[in-house]
Visitor: 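Submitted below is the structure of interest, expressed as structure tokens.
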Amino acid sequence: MNKPKLIRYIAFAGMAVLALACQDITDELVGKKPDDAQTIHITVVAKSASNPVFQSARIGAEAAAEDLSEKYSKIDVQIDWRTPKEEDPREQADRILNAVEDGTDAIMVSCSDDSTLTAAINQAVARGVPVMTFDSDAAGSNRFAFYGPNDAETGERVVHELAALLNGAGQIAILGGNKNAPNLQKRVEGALQAAAKYPGIEVVGPFYHVETAEAAISEMKRVQNQYPDLKGWAMMGGWPFFSETLLDEMSPGKLRIVAVDALPVQLVYIDRGIVDVFLGQPTYRWGEIPVQTIVKKLHLGEEVPEFYQMKLIRVWKDNLGGWARQLRAWGYSDVPVEYLSR
Amino acid sequence: MSEQKGLPNTPKDRLSMGQKFAYGLGSIVNNLLGGAIGFMSIVLNVGLGINPALVGTLQAIPRFTDALTDPVMGYISDKTRSRFGRRRPYIFVGAIGVGVVFALMWQLPPGNSEMFYFWFFLVGSIIFYMLYTVFATPWVALGYELTSDYHERTRLMGVMNFMGQFAWITLPWFYAIMENDRLFSDSVEGARTLAIIIGIFVAVVGIMPAIFLKERYVPTEDGGEEKVSLMEGLRTNVSLFAKGLVTTLKQREFLKLCAGTFFLFNGIMLVGAFSSYITIFYVSGGDTDMGAKYMGIFGTINTAATLVAIVVVTWLSSRLGKRLTFILATFVTLLGSLLKWFCYDPMVPWKVLLPAPLMAVGMGALFTLMGSMVADVCDMDELETGERREGMFGSIYWWMVKLGMALAFGLSGYLLNATGFDVEMGGAQTATTFFWMRIVDVVIPAIAAALAIWAVANFRITEEKSAEIREKLDERRLQAAAESVAL
């Protein structure tokens, strides 16, 4: 081959390579997916669409899907929100099975009732659809992973926080919510074990109630009348503070209170000094972490751990502003404006 | 002075745009090499699973070797006598060598142990930094001696600094390029390919200053030196090197410039990470996407403002003089730093962008004016010592910058911890933590800028003084030439 011809071929090959590279770069810039890109449909079945904590989880899931689709050109992650309006485990089970029929690639579910949902989860898995649980587990099912708190540790932490506030001495009561809820039972067990480590702490209870603000407040009042020397409350959930009733009825500092949950409506209790510490749940991550885990398993083919422990965030007067802004960033629209600028 | 303000005294002092451009190409290479390892090292952790502490060690150790090699290279270059000059041979060989080593050190073979990668990369890094010094130290020195004109030096440094910014614009994209799954199967393969591209770029572009520029001072080869033994020669050179180092460090005007640079540059570097943390966790309430968006826009505004600032500062210094221009530019940065206190507002997040252009002014001015002022110091030093030692001045100046930067990066983590920051808390940090984070972010650069102004406020080499020095040097050179002809 003569030299000019060779140079022409090399130049042509070089330009072809450059054109291909340019095409890739242009596609990258405009966000165009290659033709062989795979769409991953992830169905989200949370407990209740009317509960803001699950709206926050939805925002987390959608943001994670967008980030992952941007990061990996060969996948397009789509979130299919199939959460019932109100809590209904049967409805959740139906929606899981419908999603499988519709060809979903993976399911993430927060179980309203594990016994009802275990069968649906197992059916989905049997048909080749991986399921991950979040917030509330179905431990006996064939789900591949769970993201949520370690309930026993949560209960322990509530008591340790309270004991520190009481300098390790005084009578405390445990508010336990629904007696049949397995997660709450574990929290109570953890709380009792932690209390046993403080010789100066005397525990009364645990006290259970229907999980509404009114029922919780009513139980609180009854216990406080029965135990006039009560110094503090270890609450496994923040039920009494979902209403404003106690704002006028409790004096700040009279009882030391530590409770799980720190939702926007509850923040006023920290501000007024009625509640000392809330242990907030990062609800945005309920959506974010399962989506990331599913993509890791499905697209990258990586081994994933069975349990992702959710870390609770301590909320007290000094970080009220920071927590309020964090809640807003996680999609809560009802965060009181006065806390955002603190 | 009879000359028209701001114009070079004689045609030989004037540099064409092509010459300035050729020198500026070296700046792109210099900045690219300086930043590339830092921006690519993430692959060592993310792609190869090397412990972050080991990755940090990999970046720290070569800094210590730099401490020795930089001034030694400056001394060697200053003392070199060759027909190609004192700088150009090293720039030429150094650019090719460092390009090749950079490309090779990232060809990490797959399937090896963590310690294998550690040692492989450590040895590669040490050789890389040595060759980087072989290129960079003479290149910096060459810039100080290309023109003896007071203002032309600033214009040269302006072009150099302006062009060098393009490396800083490119560097933050490296990770995105390496990790792009359209181009590479994984980030390690991305690093391999990118390193080859950078290596070729460095070797090709880095030799341009050596090819297209002429050295102004080319001392003739000293044929009359007595033959001495290797050990004696070594001893003499070590002693001369130590003496030269001490003389350089005693040069008060040089120390003022070093102090000014150290305070301003490292004051801003020290809190560089803080701005990101405050933007994400305070202003954006822990919304990382929103924080990243603001940081991206901040960076773009900052870069654009730096480019504009370099042009304005270069022009302004020919009107006001270098010292006053530096003080003004640094004062603008001080104001920008103070403005941050009022602009970190979670209720109006976009305000975080307002200080960006002001913060850029000082940095734009710093490496434009300091290079030019160090060149003026080299003239003064020649008048006092009879030697031209740009290599020694340049190496010590840049070593001080690099050391300060390493210290700043190291200290910033401790400072962040000292504020009480806990990443697990996300946006829910305490008000006290946010208060101290903001205080550090605002006060440290402001104080550092004030100290930089203080350090440079009494810099004695004005335009008049520079002309006086130059006149005396010219006289001395003429006299020496006449004596040499007479002999």
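Reminder, nothing fancy here: chain letters follow the sequence lines and each chain counts from 1. Heavy-atom basis, side chains included; hydrogens, waters and symmetry copies ignored.
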Visitor: Any salt bridge between Arg342(A) and Asp271(A), counting N to O under 4.0 Å?
Guide: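 A salt bridge links Arg342(A) with Asp271(A).
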Visitor: Report yes or no: does Gln429(B) contribute a side-chain atom to a donor-acceptor pair with the main-chain N or O of Tyr282(B) at less than 3.5 Å?
Guide: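 The answer is no, because no donor-acceptor pair under 3.5 Å joins these two groups.
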Visitor: Counting only pairs under 3.5 Å, give me each side-chain donor-acceptor contact of residues 295-309 of chain A, with atom names and distances, residues two or more places apart or in other chains.
Guide:
from	atom 1	to	atom 2	distance (Å)
Glu306(A)	OE2	Arg143(A)	NH1	2.8
Gln309(A)	NE2	Glu153(A)	OE1	2.9

Visitor: Sort Lys311(A) into side chain, backbone, both or neither according to what part of it lies under 4.5 angstrom from a heavy atom of chain B.
Guide: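 Contact with chain B is through the side chain of Lys311(A) alone.
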Visitor: At a heavy-atom separation under 4.5 Å, does Trp330(A) approach chain B through its side chain, its backbone, both, or neither?
Guide: neither
Visitor: Please give me the minimum heavy-atom distance between Ile96(B) and Ala203(B), naming the atom from each residue.
Guide: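 Closest approach of Ile96(B) to Ala203(B): CA-CB, 4.0 Å.
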Visitor: What part of Lys71(A) is in contact with chain B, defined as an atom under 4.5 angstrom from a non-hydrogen atom: side chain, backbone, both or neither?
Guide: both
Visitor: Which one, Ser284(B), Pro346(B), Ala176(B), Gly285(B), leads in non-hydrogen pairs under 4.5 Å with chain A?
Guide: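 Greatest number of close heavy-atom pairs with chain A: Gly285(B).
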Visitor: For the residue pair Gln326(A) and Met425(B), what are the closest heavy atoms and their distance?
Guide: OE1-O, 4.3 Å
Visitor: Can you tell which of Leu327(A), Leu320(A), Leu340(A) has the highest number of heavy-atom pairs within less than 4.5 Å of chain B?
Guide: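 Winner by heavy-atom pair count: Leu340(A).
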Visitor: Mind ranking Thr433(B), Thr432(B), Thr430(B) by heavy-atom pairs under 4.5 Å with chain A and telling me who comes out on top?
Guide: Thr430(B)
